Protein chains: 2
Amino acid sequence: MEDDRPERTNRVETTRARRALLVETAITCFVDQGIARTGMRDIAKKAGVSVGNLYNHFPGRDDLIAEIAKIDAAGLSEVVAQIAECTDPQEAIDRFVKTYFAYCADPVSAVLTVEITSEALRNPAIEDLFSGNRAMLVETLAAAIAAQGQTKTPADVSAGLVLDTIEGFALRVGLTGKKPRKGETEALMSFVRHALTAEED
Amino acid sequence: MEDDRPERTNRVETTRARRALLVETAITCFVDQGIARTGMRDIAKKAGVSVGNLYNHFPGRDDLIAEIAKIDAAGLSEVVAQIAECTDPQEAIDRFVKTYFAYCADPVSAVLTVEITSEALRNPAIEDLFSGNRAMLVETLAAAIAAQGQTKTPADVSAGLVLDTIEGFALRVGLTGKKPRKGETEALMSFVRHALTAEED
DNA sequence: ATCGATTCGATGAACGTTCGTTCACTTAAT
DNA sequence: ATTAAGTGAACGAACGTTCATCGAATCGAT
């Protein structure tokens, strides 16, 4: 039969799958033990693969870390793009806070953030991956704040402070692993909403 | 003369000084290269001391890290105590924001925070050192917020969010190393003041 | 005050382990 | 037959830690 394709597995497909498996395994290891305490052997063993093969897929340890940082940055980038499309300023801000918080508060994301931040301190290439995202976050949020236009502080400064609040809170939630207390997320939104309100004096 | 004490250096004094030197050197190394990338030899070499001697002062690497975490926590503890003494609620909050921010935004403190946070994720003993401080910070700030009593969200929840904002902003300032833009610190205080203001609806 | 005895800070070579990485080799898809 | 995924032993370097050893400060006896 023509349809009887070789049962032997497609090579490009299996190698892509294996590479993905290795990345996922590495993330798990980094989250569980920390980047610093994770060796190439740990990843290979957990993935059920030889060390040599691991090096067939990634030139070295730093490249593997950079790859994961890139994936993390790409995930964040998606969130930013998704948030951007909203017309009403107030609703845009609300959605921003809710969505960005949910993203950052995920335990895996939170732990990775700490680990990668530590890594970025000594690796400019990794830092660059995220500084772009940060700028985009500020830009997106500042636009909504400016459209609402109620405070006298520059919109990008306010946006930065809102991001700090969200990230700080999300990190606290994500690192401890316990869910936020009932109403705590609403408190965050109320907090931000008030913070962006103009004073009367 | 009676006053002519032995010129030979006092032993307990020199050992205390050397221990302090080692701690300080270790902090410098940890900030410069990160805890994970700093070896015992690095610290010993930079301090101009033999490795063996380093082990005479600290039982092991983890104890040295714990010691530094303890010092860091103690420094924060001082700040908390210093802040607590203020009667007027609004002024207490303002002082809190300003003082705590200044403390966290110090580059050394900021980098150490990231490094130690990463360490604390896998070392409960270190985490405990800071969870107590966090509770005290929340308690102190919540008292001032409750005394001012304007919002409907629980005071400790608001206090937590204020801390998140301060810490997030301070980390951003401290890690990048560049001073906050003019008026940015005032923006932080204005931001917090508004966030703690009750709504009218 | 002086002198052995003792204590302890200080040294750096050495130990065993683990690390990132390489490589000769096998296996399987093209 | 060629190409590339896959293997695991092996390599050199670096790690945390230990150890025999030395020198100087302390102490008790004189």
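Only heavy atoms go into these numbers, but all of them, side chains included; no hydrogens, no water, no symmetry mates. Every value quoted in this text rests on a predicted model; they were computed, and no experiment measured them. Numbered from 1 within each chain, the chains take letters A, B, ... in sequence-line order.
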Practice task
State whether the side chain of A:N53 and the backbone N or O of A:S50 hold a donor-acceptor pair below 3.5 Å, judged by distance alone.
Solution key: no
Handout entry: Residues in contact with DNA chain D, drawn from residues 11-24 of chain B - heavy-atom cutoff 4.0 Å
Key = B:R11
Fill in the blank from the handout: B:F30 and B:E115 have their tightest heavy-atom pair at O-CG, 4.3 Å
Exercise for the section: Answer yes or no: is there a donor N or O on one side and an acceptor on the other, between the side chain of B:T140 and the main chain of B:M136, under 3.5 Å? Expected result: yes
Exercise for the section: Figure out the CG/P separation between B:L54 and C:dA13, and round it to whole Å. Expected result: 17 Å
Practice task
For DNA chain D, determine which residues of residues 55-64 of chain B have any heavy atom closer than 4.0 angstrom to one of its atoms, and list them numerically.
Solution key: B:Y55, B:G60, B:R61
Practice task
Return the nearest nucleotide to the side chain of B:V51; candidates are C:dA13, D:dG8, C:dT11.
Solution key: C:dA13
Handout entry: Any residue of residues 29-42 of chain A with a heavy atom less than 4.0 Å from an atom of DNA chain C
Key = A:T38, A:G39, A:M40, A:R41
Handout entry: B:L163 backbone acceptor or donor facing B:Y100 side chain under 3.5 Å
Key = no
Practice task
Would you mind reading off the distance between A:K45 atom NZ and C:dG20 atom C1', rounded to a whole angstrom?
Solution key: 17 Å
Practice task
Rounded off to whole Å, could you give me the CG-to-C1' distance for the B:N53 and D:dT21 pair?
Solution key: 14 Å
Exercise for the section: Would you indicate whether A:E78, at its atom CD, is surrounded by more than 12 heavy atoms from other residues, nucleotides or ligands within a distance under 6.0 Å? Expected result: no
Practice task
May I ask you to decide if B:F58's main-chain N or O and B:D63's side chain share a donor-acceptor pair within less than 3.5 Å?
Solution key: no
Exercise for the section: Please confirm whether the backbone N or O of B:L21 pairs with a side-chain atom of B:T25, one donor and one acceptor, at under 3.5 Å? Expected result: yes
Problem - Main-chain N/O of B:V114 paired to B:S118 side chain as donor or acceptor, under 3.5 Å - result: no
Practice task
Would you check, one step at a time, whether the test side-chain hydrogen bond (donor to acceptor under 3.5 Å, both in side chains) holds for B:E127 with B:N123?
Solution key: CA-CA 7 Å; B:E127 188 185 350; B:N123 188 341; over 6 Å; no
Exercise for the section: Would you check if the side chain of B:T99 reaches a backbone N or O of B:F96 as a donor-acceptor pair within less than 3.5 Å? Expected result: no
